[in-house]
Amino acid sequence: MISREFFDRDPVEVARDLIGVELTVGGVGGPIVETEAYDRDDPASHSYRGPTRRNAAMFAAPGTAYVYRSYGLHWCLNAVCRPGSAVLLRAIEPRHGVEEMVARRGVVAERLLCAGPGRLTEALAVDGTLDGMSLLAEPFRLCPGIRPDLVIGPRIGISRATERPWRFGAACSPFLSRPFRAG
DNA sequence: GCTAGGATTTACT
DNA sequence: GTAAATCCTAGCA
């Protein structure tokens, strides 16, 4: 099992080591194939300007889930590392409870079920009610899995510190939200 | 109090 | 390729 100590490290290390880890929520999920790191001292991070009501979970204990609403309609799931830093989960490989994901997402293409932060949360039924909950307890489950070859690149969809190579993915995975430049 | 903008996805041209 | 959907937060008056 993944322990609290796993998350009590540099978010870049945690983002890298989370690739291949199996994440399930209520039994639905699969191996993580894409993550991004966000640090306390990072202009692109919600924690950059210090704790607020919205990002309070980012300053909670390592291993806490930070769930926030993006663009007014999507939810994004993060794993809190050291206080003020977190790892954004961008994509997983649909392996467990695929039928349930299809029912929630209403799509046929399996590779699009969890390929993106908003898609992932919809497929796993993650929303604001899980903000501040521990990823080390139900309904979450994290288990070490096969570690694939990694690809590294710049983060996506941000306007500041865009050059930091803090995006990690499983090489050649068909379930990435977007292809890596080198991969 | 009001306004601008965002770690996105989808549908349409 | 471009636009729309939609809401919370920060920043400023």
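Within every chain, numbering begins at 1; the chains are lettered A, B, ... in the order of the sequence lines, protein sequences first and strands thereafter. Keep in mind that what you see is a predicted model, and the values were worked out from it rather than measured.
Where DNA chain B meets chain A (any atom under 4.0 Å from a heavy atom), the bounding nucleotides read 5' to 3' are B/dG6 to B/dT10.
Shown here are the side chain to side chain donor-acceptor pair (under 3.5 Å) partners of A/S47, two or more places apart in sequence or in another chain: A/S45. Residues passing the salt bridge (charged side-chain N to carboxylate O under 4.0 Å, His left out) test with A/E13, sequence neighbours excluded: A/R9. Scanning for ring pair (Phe, Tyr, Trp, His ring centres under 6.0 Å) contacts around A/H74 gives an empty result, with sequence neighbours left out. A search for side chain to side chain donor-acceptor pair (under 3.5 Å) contacts involving A/D39 returns nothing, not counting sequence neighbours. Taking the ring pair (Phe, Tyr, Trp, His ring centres under 6.0 Å) definition, one finds that A/Y66 meets it with A/Y68, sequence neighbours left out.
A/R160 comes within contact range of no nucleotide atom at all, as no heavy-atom separation falls under 4.0 Å. Contacts of A/R155 with the nucleic acid, taken as non-hydrogen atoms under 4.0 Å apart, are absent. If you check every strand for non-hydrogen atoms under 4.0 Å, A/N78 touches a base.
For DNA chain B, each stem of at least three Watson-Crick or G-U pairs (distances under 3.5 Å) is given as range with range: B:1-6 with C:7-12, B:8-12 with C:1-5.
For residues 131-179 of chain A, no residue pair satisfies the ring-ring contact (aromatic ring centres under 6.0 Å, His included) rule, not counting sequence neighbours. Pairs of residues two or more places apart, or lying in two chains, that qualify as side-chain hydrogen bond (donor to acceptor under 3.5 Å, both in side chains) and include a residue from residues 113-125 of chain A are A/R105-A/E122.
Residue A/R69 places its CZ atom among more than 12 non-hydrogen atoms of other residues, nucleotides or ligands, all under 6.0 Å distant. Residue A/R40 qualifies as enclosed at atom CZ: its count of foreign heavy atoms under 6.0 Å is above 12.
Heavy-atom nearest nucleotides on DNA chain B were determined for A/E122 and for A/R54, and the one closer to the 5' end corresponds to A/R54.
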Return a table of donor-acceptor pairs under 3.5 angstrom between the side chains of residues 131-139 of chain A and protein atoms on other chains or two or more places apart.
unit_1 : atom_1 : unit_2 : atom_2 : d
A/D131 : OD1    : A/V67  : N      : 2.9
A/S134 : OG     : A/L136 : N      : 3.0

Polar pairs (N or O, both sides) under 3.5 Å between protein and nucleotides 4-7 of chain C?
unit_1 : atom_1 : unit_2 : atom_2 : d
C/dT6  : O3'    : A/G72  : O      : 3.4
C/dT6  : O2     : A/Y71  : O      : 2.9

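When hydrophobic side chains of Ile, Leu, Val, Met, Phe, Trp and Tyr are connected at separations under 4.5 Å, A/L88 ends up clustered with A/Y38, A/I158.
Nucleotides B/dA7 and C/dG1 place their C1' atoms 23 Å apart, quoted to the nearest Å.
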